[in-house]
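Report on the following structure.
Keep in mind that this is a model prediction, so the values were computed, not measured. These values consider heavy atoms only, across backbone and side chains, with no hydrogens, waters or symmetry-generated copies.
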Number of protein chains: 2
Amino acid sequence: MQEGSDPIARMALQLARLPGIGQKSAQRLAYHIAAMPLDQVKDLAAALWQGRKALRFCARCGNYTQGEYCAVCENEERHNGQICVVRDARDVAAMERMRDFRGLYHVLGGTLSPMDGVGPEDIRIKELLQRLSTEEVNEVILATNPDIEGEATAAYIARLIKPMGIKVSRISYGVPVGSDLEYADEVTLAKAMEGRREL
Amino acid sequence: MQEGSDPIARMALQLARLPGIGQKSAQRLAYHIAAMPLDQVKDLAAALWQGRKALRFCARCGNYTQGEYCAVCENEERHNGQICVVRDARDVAAMERMRDFRGLYHVLGGTLSPMDGVGPEDIRIKELLQRLSTEEVNEVILATNPDIEGEATAAYIARLIKPMGIKVSRISYGVPVGSDLEYADEVTLAKAMEGRREL
């Protein structure tokens with residue numbers, strides 16, 4: 001079998017494009033999949049493709065959803081006047097694992113990064129301001145990552161919102177500096193929410 | 001989004017079934033796939049499913065193929081009287097990366113393991129003996145893994161073949177004992193082939 005032309009090489013090629021999967025791991029996974037029962041591979045492929053196809057962005061907060069609004073936005077009990085601003089939909093999942101926060105989210109879809117050419121108009125800041133003018137919001141909790149871009153984004157948004165007379169807070173440095181919010185444990189996240197300070 | 005019911009959780013569930021991918025990695029991969037362009041996810045899912053569907057076992061050696069015979073068996077130049085016996089088709093790929101061996105393969109599809117209830121009739125030993133009676137074979141090179149099962153399998157096969165007057169050899173312990181043949185580098189594999197000794 002020539003590499004590149006056979007099914008296993010094609011599997012490995014695709015798998016190696018995923019983050020954290022190197023050439024060797026991709027080949028090992030490909031051989032594992034080659035030896036899996038047909039129906040299990042079908043389930044795997046279908047979960048990825050059908051799953052990806054089914055995903056949309058919530059029309060309000062930008063979280064992943066299958067309908068127009070995400071499960072959080074559709075839950076009336078969570079319209080408590082708090083909006084937690086995060087970078088990615090995966091950060092919503094991290095926050096939800098904590099189970100403490102009972103407000104809504106706003107997913108920016110990125111953070112300000114002049115080096116990478118990401119400016120305020122490239123992330124969903126305009127949509128956040130729009131929400132603040134139409135929804136009843138008492139507090140905006142900035143939960144971007146505790147890294148340079150996340151801090152800069154939080155500071156930028158705080159500067160825009162404070163003049164509107166809405167309380168703006170930042171999650172505390174309970175989360176280890178320089179780390180990724182996605183990997184924080186529930187207790188650390190809860191502490192970070194608890195220790196949030198007004199900006 | 002409820003875990004278990006939403007597309008991302010379904011993706012993560014399926015990915016976590018693959019070897020070496022834990023819960024956290026699976027979730028991270030799922031979120032990565034959720035953010036990938038539709039056509040890239042389609043390529044990934046298609047490579048896995050179409051690839052798996054296209055794979056058959058070579059009617060002669062048991063290696064993976066898309067046709068009746070694998071590329072090695074179909075190459076007339078490789079019918080040189082040598083058969084290299086390996087456990088899995090992935091070991092064929094490891095041997096092929098070495099580029100030194102120019103004979104044919106025989107894939108056992110497992111190794112003898114009384115503890116796991118794998119006996120001689122459960123792996124393709126009968127098919128190997130069949131080949132020895134119909135093909136012109138000068139030497140059988142036993143390249144099962146250098147572990148207990150691999151050694152036992154090699155010894156068992158050697159005992160069956162030696163009375164037939166065919167040279168039987170075992171790859172040398174150039175490959176580190178207790179390791180997995182799949183992860184051996186090309187040079188080590190080449191040395192192991194070179195230093196093979198008759199059984």
Same apolar cluster (I L V M F W Y, side chains within < 4.5 Å links), B:Leu142/B:Leu132:
yes

Below 4.5 Å from any heavy atom of chain A, which atoms of B:Glu96 appear? Answer side chain, backbone, both or neither.
neither

Membership question, hydrophobic clusters at under 4.5 Å side-chain separation (ILVMFWY): are B:Val85 and B:Ile148 in the same one?
no

Pair B:Leu18, A:Ile33 - check side-chain contact (heavy atoms from CB on, under 4.5 Å), show working.
CA-CA 8 Å; B:Leu18 297 175; A:Ile33 292 166; 3.9 Å; yes

So which of A:Met36, A:Gln50, A:Lys53 has the biggest tally of heavy-atom pairs under 4.5 Å with chain B?
A:Met36

Heavy-atom contact with chain A under 4.5 Å, split by part of B:Ala12:
neither

Report the C-alpha separation of A:Thr65 and B:Asp6 in whole Å, then their side-chain angles, then the decisive distance to 0.1 Å, and conclude whether the side-chain contact (heavy atoms from CB on, under 4.5 Å) test is met.
CA-CA 8 Å; A:Thr65 179; B:Asp6 74 281; over 6 Å; no

Shared ILVMFWY cluster between B:Leu128 and B:Val118, side chains joined below 4.5 angstrom?
yes

Shared hydrophobic cluster, B:Tyr69 / B:Val92 (ILVMFWY, side-chain heavy atoms < 4.5 Å):
no

If one checks every heavy atom of A:Leu13 against chain B at 4.5 Å, the contacting part turns out to be neither

Which heavy atom in A:His32 sits nearest to a heavy atom in B:Arg90, and how many Å separate them?
N-NH2, 3.8 Å

Heavy-atom count around A:Leu38 CG within 6.0 Å, excluding the residue itself: above 12?
yes

Co-membership, hydrophobic cluster, residues A:Tyr156 and A:Val137, 4.5 Å side-chain:
yes

How about A:Glu121: does its CD atom have over 12 heavy atoms from other parts shown lying under 6.0 Å from it?
yes

Interatomic distance, A:Leu44 atom CG to B:Leu44 atom CG [nearest 0.5 angstrom]
8.0 Å

Before you tell me yes or no, could you show the steps for A:Tyr64 and B:Ile8 under side-chain contact (heavy atoms from CB on, under 4.5 Å), namely the whole-Å CA-CA distance, both residues' side-chain angles and the distance that decides it to 0.1 Å?
CA-CA 9 Å; A:Tyr64 285 122; B:Ile8 292 174; 3.3 Å; yes

Closest heavy-atom contact between B:Pro19 and A:Leu29?
O-CD2, 3.6 Å

For each of B:Gly20, B:Ala34, B:Ala30, tally heavy-atom pairs with chain A at distances under 4.5 Å, and name the one with the top tally.
B:Ala34

Between A:Ala54 and B:Pro7, what is the shortest heavy-atom contact and its length?
CB-CG, 4.1 Å

Heavy-atom pair with the smallest gap, counting every atom of A:Trp49 and B:Val41:
CA-CG1, 4.1 Å

Neighbour count above 12 (heavy atom, 6.0 Å) for B:Gln23 CD:
no

Is the count of non-hydrogen atoms from other residues, nucleotides or ligands lying under 6.0 Å from B:Leu129 atom CG greater than 12?
yes

For chain B, which candidate among A:Arg52, A:Met11, A:Gln14, A:Glu74 shows the most heavy-atom pairs at distances under 4.5 Å?
A:Arg52

